[in-house]
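Because the structure is predicted, anything quoted here is derived from the model rather than measured.
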Amino acid sequence: LPFVILGLGVDDSFVIVNAFDRTSRDDPIPFRMRDALSHAATSITVTSLTDLVAFAISTSSALPALSSFCMCV
């Protein structure tokens with residue numbers, strides 16, 4: 001369980017770092033962070049909602065172990 005949660009968080013970190021790398025290096029750091037987070041927010045929201053739906057659907061699985069795992073996450 002901790003590894004799954006860690007994996008979901010690390011994915012979002014890669015998205016933010018990639019968006020930050022695409023900003024102009026001439027801008028100050030606060031402006032670069034603002035631009036990076038505004039671009040990454042949509043992607044992070046979509047992946048979070050997709051994960052939520054996948055885990056919600058998996059709670060109705062016929063496999064008890066999978067169902068219990070998805071309820072706990």
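- In this view, S61 and L63, L66 satisfy the side chain to side chain contact (heavy atoms under 4.5 Å, CB included) rule, not counting sequence neighbours.
- Looking at residues two or more places apart in sequence or on another chain, you find a side chain to side chain contact (heavy atoms under 4.5 Å, CB included) between D35 and T23, D27.
- With a 4.5 Å cut-off between side-chain heavy atoms of Ile, Leu, Val, Met, Phe, Trp and Tyr, the cluster of V53 takes in I57.
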### CA sep, side-chain torsions, deciding dist, call: F14, V10, side chain to side chain contact (heavy atoms under 4.5 Å, CB included)
CA-CA 6 Å; F14 283 123; V10 168; 3.2 Å; yes
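- A search for side chain to side chain contact (heavy atoms under 4.5 Å, CB included) contacts involving V46 returns T50, not counting sequence neighbours.
- Listed by chain and residue number, D12, V15, I16, A40, S48 satisfy the side chain to side chain contact (heavy atoms under 4.5 Å, CB included) test with I44 (two or more places apart in sequence, or in another chain).
- Shown here is R34, whose CZ atom has more than 12 heavy atoms of other residues, nucleotides or ligands within 6.0 Å.
- Between F20 and R32, the shortest heavy-atom contact is O-NH2, 3.3 Å.
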